[in-house]
Amino acid sequence: MWKLWIKTAVAFAGGALAMHMVRQAQENNVRFHTFSSAKIPTKADPIELLFISDIHRRRIADEILDMARERCDAVLIGGDLTERAAPKARTEENLQKLAELAPVFFVRGNNDEKSINNGLLQASISMA
């Protein structure tokens, strides 16, 4: 009897965790951070960056673009811009929207395929 209870509890916990992960993967989390360093002269103008990663198949929300529009000096894509099953047109649309904000710099993630280069070149994005 106790084995059945343990199996049921593990199955319930696993299901709850899976549901939480799916919900969290669809969230758009926006955080603003201010950084300073003794290596940066105090007279230097501040630079505002939009760092975005793990886009995968999603469309970049207009709310995120609107928040960044007036305050963004550069866009940094920290990998996983796309994945194998993502429509190429959606990836290119996301790149174009980001390129309209500011110069875009891209670091390839583990889900980004090498074939993404053509879309990046068309959108004038710098790859690191």
Side-chain angles (χ1 to χ4, degrees):
M1 182 69 178
W2 63 274
K3 287 183 181 180
L4 177 61
W5 186 87
I6 289 175
K7 288 179 182 179
T8 303
V10 168
F12 178 77
L17 179 60
M19 287 176 19
H20 172 72
M21 289 173 63
V22 167
R23 191 192 71 179
Q24 196 171 30
Q26 298 303 317
E27 290 179 359
N28 289 316
N29 296 307
V30 177
R31 295 180 185 99
F32 295 95
H33 297 283
T34 302
F35 298 96
S36 61
S37 170
K39 296 179 181 180
I40 300 173
T42 57
K43 293 182 181 179
D45 290 334
I47 298 173
E48 302 235 3
L49 306 173
L50 170 64
F51 176 82
I52 189 166
S53 68
D54 297 298
I55 300 167
H56 295 281
R57 299 179 203 197
R58 296 182 287 164
R59 283 186 172 84
I60 299 174
D62 289 335
E63 294 84 17
I64 292 174
L65 297 169
D66 291 342
M67 280 191 280
R69 194 167 314 283
E70 297 301 320
R71 56 188 296 178
C72 183
D73 296 313
V75 177
L76 307 175
I77 303 173
D80 292 348
L81 171 65
T82 189
E83 61 185 43
R84 185 175 302 148
K88 183 179 178 184
R90 182 174 304 151
T91 301
E92 290 175 350
E93 177 184 330
N94 283 336
L95 287 172
Q96 186 59 42
K97 286 180 178 182
L98 292 171
E100 290 171 3
L101 294 175
V104 177
F105 301 89
F106 175 72
V107 178
R108 190 183 309 279
N110 64 317
N111 285 303
D112 296 313
E113 297 181 20
K114 291 183 180 180
S115 62
I116 200 171
N117 285 341
N118 291 338
L120 291 171
L121 293 174
Q122 291 172 357
S124 300
I125 293 175
S126 301
M127 290 184 58

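Values below: all heavy atoms of this structure, side chains included; hydrogens, waters and symmetry mates excluded.
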*Asks:* State the CG-CG distance between L50 and L76, to the nearest 0.5 angstrom.
*Replies:*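 Those atoms lie 8.0 Å apart.
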
*Asks:* With sequence neighbours excluded, tell me which residues meet side chain to side chain donor-acceptor pair (under 3.5 Å) with N94.
*Replies:* none

*Asks:* For R71, enumerate each residue passing the salt bridge (Lys or Arg N to Asp or Glu O under 4.0 Å) test, keeping only those at least two apart in sequence or located in another chain.
*Replies:*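 Salt bridge (Lys or Arg N to Asp or Glu O under 4.0 Å) check on R71 returns E48.
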
*Asks:* If you measure from CD1 on I55 to CG on L81, what distance do you get to the nearest 0.5 Å?
*Replies:*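 With rounding to 0.5 Å, CD1 (I55) is 5.0 Å from CG (L81).
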
*Asks:* Any idea which heavy atoms bring A74 and F105 closest together, and the distance?
*Replies:* CB-CE1, 4.3 Å

*Asks:* Identify each donor-acceptor pair in which a side-chain atom of residues 60-70 lies under 3.5 Å from a protein atom, sequence neighbours left out, and give them as a table.
*Replies:*
{"unit_1": "D66", "atom_1": "OD1", "unit_2": "R69", "atom_2": "NH2", "d": "3.4"}

*Asks:* Which pair of non-hydrogen atoms, one from C72 and one from A102, has the smallest distance, and what is that distance?
*Replies:*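 Heavy-atom minimum between the residues: O-CB, 3.8 Å.
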
*Asks:* Residues in side chain to side chain contact (heavy atoms under 4.5 Å, CB included) with E100, at least two apart?
*Replies:* Q96

*Asks:* Can you list everything that forms a side chain to side chain contact (heavy atoms under 4.5 Å, CB included) with A86? Sequence neighbours excluded, please.
*Replies:*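 Checked A86 against side chain to side chain contact (heavy atoms under 4.5 Å, CB included); matches are R57, T82, E83, T91.
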
*Asks:* Check which hydrophobic residues are tied to W2 through side-chain heavy-atom contacts below 4.5 Å, counting indirect links as well, and list them.
*Replies:*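 ILVMFWY cluster around W2 also holds W5, I6, V10.
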
*Asks:* Going by side chain to side chain contact (heavy atoms under 4.5 Å, CB included), name the residues that satisfy it together with I47, two or more places apart in sequence or in a different chain.
*Replies:* L49, D73

